[in-house]
Chemist: 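This is the structure, below, for whatever I ask next.
By convention in this document, chain letters (A, B, ...) are assigned in the order of the sequence lines, proteins followed by strands, and residues within each chain are numbered from 1. Excluded from the calculations below are hydrogen atoms, water molecules and symmetry mates; all remaining heavy atoms, backbone and side chain alike, are included.
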There are 2 protein chains.
Amino acid sequence: MGARVTMRDVAQAVGMSPMTVSRALREDRTVNAKTRARVRQVADELGYVYDSTAQAFRTQKSGFVAVTLPSVNNANFAETFRALTNGLGAAGLQLLLGSTNYRVEREEELVRQLLTRNPEALVLTGGHHTDEMRKLVQARDLPVIEMWDLPEDPLGHVVGFSNGDAMAHIVNHLVATGRRKLAFVGASEGADMRGAVRRAGVVASARAHGLPEVAMIDAGPAPVSMRHGAAVIEAIGRNVAQYDALVCVSDPVAFGCLSAAQRMGLRVPDDLAITGFGHFEVAKVSNPQITTVNVQADDIGRQVVDLLQGIFDGEVSEPVRVDVGSALVVGETS
Amino acid sequence: MGARVTMRDVAQAVGMSPMTVSRALREDRTVNAKTRARVRQVADELGYVYDSTAQAFRTQKSGFVAVTLPSVNNANFAETFRALTNGLGAAGLQLLLGSTNYRVEREEELVRQLLTRNPEALVLTGGHHTDEMRKLVQARDLPVIEMWDLPEDPLGHVVGFSNGDAMAHIVNHLVATGRRKLAFVGASEGADMRGAVRRAGVVASARAHGLPEVAMIDAGPAPVSMRHGAAVIEAIGRNVAQYDALVCVSDPVAFGCLSAAQRMGLRVPDDLAITGFGHFEVAKVSNPQITTVNVQADDIGRQVVDLLQGIFDGEVSEPVRVDVGSALVVGETS
DNA sequence: TTGAAAGCGTTACCAC
DNA sequence: GTGGTAACGCTTTCAA
């Protein structure tokens, strides 16, 4: 393996200038069709591989879109990421992914790193950021989209839904079906803002209905999933039936609670209602099916793609705010 | 927002050369401590952001490691990805992710794209590649690791396990517990090599035990998940109990089958055993717990990180082959 | 239809 | 301890 093959090498081999090779490889029509074909062929023979780094450097366009997610190990976020990858990939853009592991502080460091790569846009999950992070982003002339939330004071564009409203759907439904003593099952109070906002949404909605204070069941530090839901309900035991309904922060947690409740002989929803969040696959396949809220993770991704395309095409001047909404999906656990 | 702030601007503001600024920002000890501090401060004041693109260009080191995955929307692959991100992030490396969407042909195009970014290593999921793809990779002097498989003819290093052996664990276990009429539930024959290898593993293992031919239950094109498993069993109906055991390509599929079987009143494992693959969370939390194979997705990620570190430190000369193995996890569905 | 020159921001290498 | 020079591979711009 000698030194890397560059356009100059290809040019030499074809007996033309690097400039012509550059144009030929980009299928520039001002280059003679025959020349183009020959250049292509010689490039292949020499094993030439285009260098995006050099291109990004010269043109000052990286071809990157930076994305932050709490975690890729969550079917909802993974679905949004998939939609982004596919949509932006078609436009020749490559995603640069950073995971915050559900910690707001981590976001700042992450974005700082991502920005050094000169992304052409920044897509953030959630609307809670440190002040430093806000400065960092606003100092740059860079399209920013916050998704999965509807922040009061957005950094730029927004594609999301109201976590509070979404939880209100659940509480309204539970109240309508006669439940009053609610318990919220979620992660410990801490750095996970999404969970905190959902919890607050349940509390506010319960108050509005005049329900007794919502009990808090702590399933451990974020991220919480199936096993944490199951473990915390096992720990509480049959005593958990003192509540009318468990309002869970997500479907996986709800499934864990459901499974544990069933194992200890509780009947769901007769003894206890259980609700989830996010319309994960497990909610539809579980037995009974879990009442949940659909937030359309893939739709969020697609809307972000559309918005970015509009931005890159110069069709978007004002900050855009898209509310994708959320919808109650009544299952068999309530 | 004027033109971007470069080292030259910082240098001018401090009254020194760009070279000194470069060194100062990299904490080069040959630069006076006082100077270093002043440079840092001025850089911050001016809102200077380091340009990795220029660095990557100049040093010919991108700081990227390219990774291909069938999909990030799979808890196992997501877990491996998380381990890679965390491990390599600590070493200052950024992951560049490409998804094949379970199609081998897609891999070639993807790798071609990823290579233009000058990654310092290439991590591929699976050991099945097109010939073009093999050439592409071998033409470059680039560390390559295939993971999640133990290919006969590897491209470079390998960190994985034998899908055939893993399925043999399942079949051995089923035979030992008296099952003989097996059906394999997986994706349609097609571009998903992993599924095909698992299917072949079951067939071979069943033959070795002298079992009747394994029935094939087609859950649709890859990727198949919970809902596909549920749907195909619903379509078959109670007739599915003609088999002793459903050997599923993954835990989510197994959970779908389990759920559908339960809904139609079949008793698992009395009427029918069901096994999964991958030790997903749902296998442990479901009710009954699903018999599965643990392949330690996070361990694969960590081993790849260790191997890459060894490679970058120049401690690895020969191609390495790590078999992380797989272990039967007996649940309550068999 | 093709080519020459210049430069994107950084750092290796040498000089002082 | 600090600075000048050159170069990484590509493309924009202008000229032929």
Chemist: Considering every strand and a 4.0 Å limit on heavy-atom distances, what is the contact class for Arg26(A): base, sugar-phosphate, or nothing?
Modeler: sugar-phosphate
Chemist: Which nucleotide wins on minimum distance to the side chain of Gln55(A), given the candidates dT13(D), dT2(D), dT11(D)?
Modeler: dT11(D)
Chemist: Any side-chain N or O of Thr35(A) below 4.0 angstrom from OP1/OP2 of dT2(C)?
Modeler: yes
Chemist: Does any donor-acceptor pair link the side chain of Arg29(B) with the base of dG1(D) at a separation under 3.5 Å?
Modeler: no
Chemist: Taking the side chain of Arg4(A) as heavy atoms from C-beta outward, which of dT13(D), dT2(D), dG9(D) is closest to it?
Modeler: dG9(D)
Chemist: Would you say dT2(D) has OP1 or OP2 under 4.0 Å from some side-chain N or O of Ser17(B)?
Modeler: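 Negative; the distance criterion is not met.
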Chemist: Check step by step if side-chain hydrogen bond (donor to acceptor under 3.5 Å, both in side chains) holds for Gln60(B) and Asn118(B).
Modeler: CA-CA 8 Å; Gln60(B) 297 293 51; Asn118(B) 281 318; 4.8 Å; no
Chemist: State whether Tyr48(A) places a side-chain N or O below 4.0 Å from either non-bridging phosphate oxygen (OP1 or OP2) of dG9(D).
Modeler: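 Indeed not, no polar side-chain atom of Tyr48(A) lies that close.
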Chemist: Do Arg58(B) and dA7(D) have a side chain to base donor-acceptor pair shorter than 3.5 Å?
Modeler: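 Side chain to base: pair found, below 3.5 Å.
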Chemist: So Thr30(A), base contact, sugar-phosphate only, or nothing? Heavy-atom distance under 4.0 Å.
Modeler: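 Thr30(A): base contact, heavy atoms under 4.0 Å.
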Chemist: Among dT10(C), dT11(C), dG9(D), which nucleotide has an atom closest to any side-chain atom of Ala54(B)?
Modeler: dT10(C)
Chemist: The side chain of Met7(B) lies closest to which of these nucleotides: dT10(C), dT2(C), dG3(D)?
Modeler: dT10(C)
Chemist: Looking at Phe64(A) versus Phe64(B), is the centre-to-centre ring distance below 6.0 Å?
Modeler: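 Yes; Phe64(B) has its ring centre under 6.0 Å from that of Phe64(A).
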Chemist: Give a yes/no answer on whether the side chain of Ser22(A) brings an N or O atom under 4.0 Å of OP1 or OP2 in dT11(D).
Modeler: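 Answer yes for this pair, as a side-chain N or O of Ser22(A) is under 4.0 Å from OP1 or OP2.
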Chemist: Heavy atoms from C-beta onward define the side chain here; which of dT11(C), dG9(D), dG3(C) lies closest to that of Thr20(A)?
Modeler: dG3(C)
Chemist: Run the side-chain contact (heavy atoms from CB on, under 4.5 Å) test against Thr30(A) and tell me which residues pass, sequence neighbours left out.
Modeler: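 With neighbours one apart ignored, the set is Arg23(A), Asp28(A).
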Chemist: Establish, with yes or no, whether the OP1 or OP2 oxygen of dG9(D) is under 4.0 angstrom from a side-chain nitrogen or oxygen of Gln60(B).
Modeler: yes
Chemist: On the 0 to 90° scale, with breaks at 30° and 60°, tag the Tyr102(B)-Phe77(B) ring pair as parallel, tilted or perpendicular.
Modeler: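 Tilted.
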Chemist: Which nucleotide wins on minimum distance to the side chain of Val31(B), given the candidates dT2(D), dT2(C), dG9(C)?
Modeler: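 Output: dT2(D).
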